[in-house]
Amino acid sequence: MPELPEVETIARDLAPRLRGRTIVRLQAARRPPVFAPNSLPARELVGRRIRDVGRAGKFILIELDGDLRLAVHLRMTGNLLYQSSPGPVGYTRATLDLDNGARVVFADVRKFGRLRAFRGDPREQLGVGIDPFAPELDARAFGELARGRRAPVKSWLLDQRHIAGVGNIYACESLFYAGVRPKRRVGKLSRSQRERLLVSLRRVLRKAIHHRGSSVDDYRDGEGKKGEFQKHLAVYGRAGAPCRRCGTPIRRIVLAQRGTFYCPVCQA
DNA sequence: ATCAGCACCTGTTGGC
DNA sequence: TGCCAACAGGTGCTGA
C-alpha cells in the first residue's frame, strides 16, 4: 500500500508529537509475530526516549536514545496512528504507550507489516538503496546503477536495493510523465530517458507528498485521514480510461506480477 | 547473478 | 441476489 509519499506523510505527522516522549509500555501480536525474526527483543524499547521520527525507503524510522531504532514497514495495508487519548482500533497488531498518556497504534488488516528494532546504520541494516531525492543521484549515477541490467525499468524501480521508496503507483506514474514504456530494459535507457525519468519521479513524489499521499483503499495518515493524490493519478488504476494527454485508452498489463498501467501512444 | 513464481493474509469487487 | 475468482499500495524465499 504505502509508498514513499505516504510513509513520508506519516513520519512528518508523527515526528512533532513523538519527539521527546518515552515509551512506557509496548504490546505486540505474536501470531503471526509482528516483530521481524531479526529484530532485537521488543523489551529493549521500553523506557527509551524518542529522539525523532524519519524515513528510510518505505520504512518509518522511530529513533530512540542509545543508538536504538524502531523500523516500521506497513507493507500493503498497515497504518500507524497517533491517539492522544487511546481507544480501540480494528486489526491492531501493536501499541506503544507514551509517557503523556498518548498511544501509537500499528494496525494492519493483512498482517504483512513488520516492526524491527535494531542498532546501526538504517540503510545498511534495512537493505535500502539510495533515496530518490538524494542530490548525488543524477542521470550518470542512475546509469551506473542500471548498467548491464536487463530487467524491465518498472521491475527495477520496484527493487528497493537500487532506489528506495518507489512502489507500484509511483513507478507507473513517473514512467508516464517520462514517456517511457514500463517494459523497456533499464540498462538500455538513453541518458535523456534516465534524466526525464529522474525528473518525473521527483516531481510526482513531491506532488504526492504535497497532497498527503494516495488513498486508493486502506492508506491513512498519522491522524487516520485519507490522502488526496489518488484524484490526480494519470495512469494508475485507469485501464480503459482516456489518457489525459492524448485521449488513447490507458492499457493494463501484468509485469512482475503487478498491475501495470501506461499509455501506448505517450510512452515509447 | 538474475529473475519469474509463489507464499504470506484478509477484504472488496466484478462477472456470471 | 449469490458465489467465486481475481485483485489489492509489498517483499522474501525458492528454484531454474
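FYI, side chains are in, hydrogens and waters are out, and symmetry mates aren't considered; it's all heavy atoms of this structure. Letters go in sequence order (proteins before strands), and every chain restarts at 1. Keep in mind that this is a model prediction, so the values were computed, not measured.
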Dot-bracket for DNA chain B, 5' to 3', counting Watson-Crick or G-U wobble pairs under 3.5 Å, with [ ] for crossing pairs and | for inter-strand pairs?
.|||||||.|||||||
Output all residues satisfying side-chain contact (heavy atoms from CB on, under 4.5 Å) with A/E144, sequence neighbours left out; order by chain, then residue number.
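A/E144 satisfies side-chain contact (heavy atoms from CB on, under 4.5 Å) with A/R140, A/R147 only.
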Counterpart residues, side-chain contact (heavy atoms from CB on, under 4.5 Å), relative to A/F112 (two or more places apart)
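Once residues adjacent in sequence are excluded, the partners of A/F112 under the side-chain contact (heavy atoms from CB on, under 4.5 Å) criterion are A/R75, A/M76, A/R110.
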Mind jotting down which residue pairs meet the side-chain hydrogen bond (donor to acceptor under 3.5 Å, both in side chains) criterion with at least one end in residues 46-58 of chain A? Sequence neighbours excluded, please.
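Sorted pair list: A/E8-A/R55, A/R19-A/D52, A/R49-A/D65, A/R55-A/D131.
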Pairs satisfying side-chain hydrogen bond (donor to acceptor under 3.5 Å, both in side chains), at least one member in residues 168-184 of chain A, at least two apart
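Listed by first then second residue: A/E6-A/Y170, A/K154-A/N168, A/Y170-A/S214.
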In Å, rounded to the nearest 0.5 Å, how long is the span from CD of A/E63 to CG of A/L70?
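So the CD of A/E63 and the CG of A/L70 are separated by 10.5 Å.
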Applying ring-ring contact (aromatic ring centres under 6.0 Å, His included), can you list everything that pairs with [X], at least two apart in sequence or on another chain?
| X | value |
| --- | --- |
| A/F106 | none |
| A/H210 | none |
| A/Y262 | none |

C/dG10, OP1 or OP2 - any side-chain N/O from A/Q160 closer than 4.0 Å?
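So the side-chain polar atoms of A/Q160 never come under 4.0 Å of the phosphate oxygens OP1 or OP2 of C/dG10.
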Is there a side-chain polar atom (N or O) of A/R252 under 4.0 Å from OP1 or OP2 of C/dA8?
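For A/R252, the contact criterion (side-chain N or O under 4.0 Å from OP1 or OP2 of C/dA8) is met.
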Please report, rounded to the nearest Å, how far the C1' atom of B/dC8 is from the NE2 atom of A/H73.
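In whole Å, B/dC8 C1' lies 14 Å from A/H73 NE2.
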Protein N or O to nucleotides 2-5 of chain B N or O, pairs below 3.5 Å:
from, atom 1, to, atom 2, distance (Å)
B/dT2, O5', A/R149, NH1, 3.4
B/dC3, OP1, A/A151, N, 2.9
B/dG5, N7, A/Q257, NE2, 3.2

C1' spacing across the pair B/dC8 / C/dC3, given as an integer number of angstrom
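Each nucleotide's C1' atom is 25 Å from the other's.
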Taking only the P atom of each, what is the distance from B/dC9 to C/dC13 in whole angstrom?
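It comes out at 14 Å once rounded to the nearest Å.
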For A/R119, all residues meeting salt bridge (charged side-chain N to carboxylate O under 4.0 Å, His left out), sequence neighbours excluded:
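Testing A/R119 for salt bridge (charged side-chain N to carboxylate O under 4.0 Å, His left out), a comparison that skips the adjacent residues, returns A/E44.
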I'd like to check the salt bridge (charged side-chain N to carboxylate O under 4.0 Å, His left out) partners of A/K225; sequence neighbours left out, ordered by chain and number.
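Expected list: A/E223.
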Which parts of nucleotides 9-16 of chain B does protein reach within less than 4.0 Å, heavy atoms only, written one letter per nucleotide 5' to 3' as B for base, S for sugar-phosphate only and - for none?
BBS-----
Within 45° cone of A/F176 ring axis and under 6.0 Å: A/R245 NZ or CZ
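Judged by the rule, A/R245 and A/F176 form a cation-pi pair.
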